[in-house]
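One structure is given below, encoded as structure tokens.
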Number of protein chains: 2
Amino acid sequence: MGRRSSIGEGELIEALSRVFRDTGYDGATLSILSEETGLQRASLYHRFPGGKEQMAKEVLAVTESWLTENLFDPLKTDAPIDERVQLLVQKLDALYSGGKQACILNMLSSASDYEGPFACAIKRIFEALIEALSQLATEQGTAKAVGQARAERVVMLLHGSLVLSRGTGSQKPFERFLEALPEELLGRH
Amino acid sequence: MGRRSSIGEGELIEALSRVFRDTGYDGATLSILSEETGLQRASLYHRFPGGKEQMAKEVLAVTESWLTENLFDPLKTDAPIDERVQLLVQKLDALYSGGKQACILNMLSSASDYEGPFACAIKRIFEALIEALSQLATEQGTAKAVGQARAERVVMLLHGSLVLSRGTGSQKPFERFLEALPEELLGRH
DNA sequence: GTCTATAGGAAGATAGAC
DNA sequence: GTCTATCTTCCTATAGAC
């Protein structure tokens with residue numbers, strides 16, 4: 001059990017996520033992680049004996065379950081399809097702060113020792129995201145293959161818009177993506 | 001003037017580009033850069049007194065002029081539009097090795113001290129790319145705003161497909177992007 | 001469970017011989 | 001223009017007190 005001024009488990013992972021998301025794996029030094037969590041290096045090692053690699057792994061694990069509970073599952077209600085697509089738009093807007101923040105999946109893919117530790121979780125999350133969108137896309141009678149293709153395209157547009165927004169220093173690409181999302185996913189041109 | 005066994009200017013920048021593209025800015029240590037170029041640390045500092053930051057800057061500068069000469073300008077011929085779009089597809093396929101390689105713009109955007117040194121060049125290259133595609137898109141009588149939007153979308157899809165291909169460990173997303181590119185850019189649905 | 005202190009090594013960068 | 005050798009700083013990780 002923690003002492004009085006300890007940081008909570010939730011806030012801890014959240015702070016680590018923020019650092020990995022903003023600086024990437026190699027840029028996330030223990031000094032920064034220590035500063036942002038308010039814990040000393042040694043305290044971080046007590047909580048994560050595996051060091052930085054374990055921290056990133058747990059961040060990814062929490063990200064995965066967070067997305068499942070707060071994005072994928074809420075999209076599975078029996079509310080009208082347009083309502084759920086609007087929910088998707090709002091959630092993505094909040095998740096990436098209107099395009100100001102990068103995606104941790106992209107940032108952790110850039111790890112120099114990428115082969116192995118994160119690849120599996122990242123792949124799983126990408127596929128779960130596509131699957132969730134695919135279910136939305138096919139619920140109005142659209143053929144499965146078509147819905148799947150649209151879902152994959154939306155995921156491409158999402159991450160491409162984030163890359164472009166960061167690269168150009170403008171939130172507009174992400175905003176335009178969000179605006180086009182319903183048409184892209186449901187195929188109403 | 002160089003000695004006999006020196007690496008050429010072109011190969012030097014090429015080797016540096018490869019490292020930055022594959023490992024990101026923070027992951028590109030001087031040890032790796034030294035190993036991949038065949039030059040010792042001190043030799044690299046003789047050529048780039050500004051250190052790693054100057055190396056990345058020059059890599060971006062060369063990337064920009066390379067793209068201008070080998071991609072943007074060749075698209076400005078008076079050949080049939082479909083022929084030029086096919087050229088674009090081929091060039092992109094080669095540039096990213098069929099989706100196996102990441103984009104250096106995305107990888108250098110992830111630098112921990114991103115503010116400043118690279119932001120400007122990266123932004124310029126993104127805009128030049130969009131502009132080049134926009135010209136292609138509007139040459140068949142399409143409205144300027146529509147062509148611009150399509151060009152931006154193609155750039156999003158390009159980078160999104162690269163992110164997705166790396167994240168899932170499959171070249172298919174990039175391949176599907178290349179296949180859809182002509183329709184996306186010219187709007188023939 | 002958190003801390004201070006420190007080990008041990010790799011990072012970026014420089015000096016000076018050739 | 002390239003090298004070996006070195007400097008300083010920062011890194012990851014551990015030891016041990018509280």
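Each chain gets a letter, A, B and so on, in the order its sequence line appears, and its residues count up from 1. If you're wondering where the values come from, they're calculated on a predicted model, not measured in any experiment.
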Between the protein and nucleotides 7-9 of chain D, which nitrogen or oxygen pairs come in under 3.5 angstrom?
none

Using the side-chain contact (heavy atoms from CB on, under 4.5 Å) rule, pick out the option among A:K52, A:M107, A:M55 that qualifies with A:Y25.
-> A:K52
Ignoring backbone atoms, test whether A:Y45 places a side-chain nitrogen or oxygen under 4.0 Å from the OP1 or OP2 oxygen of D:dT14.
-> no
Interface with DNA chain D, restricted to residues 8-28 of chain A and to heavy atoms under 4.0 Å = A:A28
Any residue meeting salt bridge (Lys or Arg N to Asp or Glu O under 4.0 Å) with B:E14, in chain and number order, not counting sequence neighbours | none
For A:K144, check salt bridge (Lys or Arg N to Asp or Glu O under 4.0 Å) against everything at least two apart and list the hits.
-> none
Throw together a table of side-chain donor-acceptor distances under 3.5 angstrom for residues 37-45 of chain A, partners on residues two or more places apart or in other chains.
{"from": "A:T37", "atom 1": "OG1", "to": "A:L33", "atom 2": "O", "distance (Å)": "2.7"}
{"from": "A:T37", "atom 1": "OG1", "to": "A:S34", "atom 2": "O", "distance (Å)": "3.3"}
{"from": "A:T37", "atom 1": "OG1", "to": "A:L39", "atom 2": "N", "distance (Å)": "3.3"}
{"from": "A:R41", "atom 1": "NH1", "to": "A:S31", "atom 2": "OG", "distance (Å)": "3.1"}

Test side chain to side chain donor-acceptor pair (under 3.5 Å) applied to B:E36 - qualifying residues, sequence neighbours left out | none
Atom CD1 of A:I32 to atom C1' of D:dC10: distance rounded to whole Å?
-> 11 Å
Sorted by number, residues from residues 48-58 of chain B placing a heavy atom under 4.0 Å from DNA chain C are B:G51, B:K52
B:L30 CG to D:dC11 C1', straight-line distance once rounded to whole Å = 15 Å
Extract from the structure each pairing of a protein N or O with an N or O of nucleotides 3-5 of chain C at less than 3.5 Å, listing the distance.
{"from": "C:dC3", "atom 1": "OP2", "to": "A:Q40", "atom 2": "N", "distance (Å)": "2.9"}
{"from": "C:dC3", "atom 1": "OP2", "to": "A:S43", "atom 2": "OG", "distance (Å)": "2.9"}
{"from": "C:dT4", "atom 1": "OP2", "to": "A:Q40", "atom 2": "NE2", "distance (Å)": "3.3"}

OP1 or OP2 of D:dC10 less than 4.0 angstrom from a side-chain nitrogen or oxygen of A:S31, does that happen here?
-> no
Between B:L164, B:L162, B:V163, B:L157, which is the residue that forms a side-chain contact (heavy atoms from CB on, under 4.5 Å) with B:P173?
-> B:L164
Just how far is it from atom CZ of A:R166 to atom CZ of A:F174, taken to the nearest 0.5 Å?
-> 13.5 Å
Could you tell me which residues satisfy salt bridge (Lys or Arg N to Asp or Glu O under 4.0 Å) with B:E139, sequence neighbours excluded, listed by chain and number?
-> B:R84
Nearest heavy-atom neighbours spanning B:L60 and B:A121 = CD1-CB, 4.1 Å
side-chain contact (heavy atoms from CB on, under 4.5 Å) partners for A:E69, two or more places apart | A:S65
May I ask you to decide whether A:R47 forms a salt bridge with A:E58, counting only side-chain N to carboxylate O separations under 4.0 Å?
-> yes
Return a table of donor-acceptor pairs under 3.5 angstrom between the side chains of residues 87-99 of chain A and protein atoms on other chains or two or more places apart.
{"from": "A:K91", "atom 1": "NZ", "to": "A:N70", "atom 2": "O", "distance (Å)": "3.0"}
{"from": "A:D93", "atom 1": "OD1", "to": "A:G98", "atom 2": "N", "distance (Å)": "3.4"}
{"from": "A:S97", "atom 1": "OG", "to": "A:Q101", "atom 2": "NE2", "distance (Å)": "3.1"}

Partners meeting salt bridge (Lys or Arg N to Asp or Glu O under 4.0 Å) with A:E127 (sequence neighbours left out) | A:K123
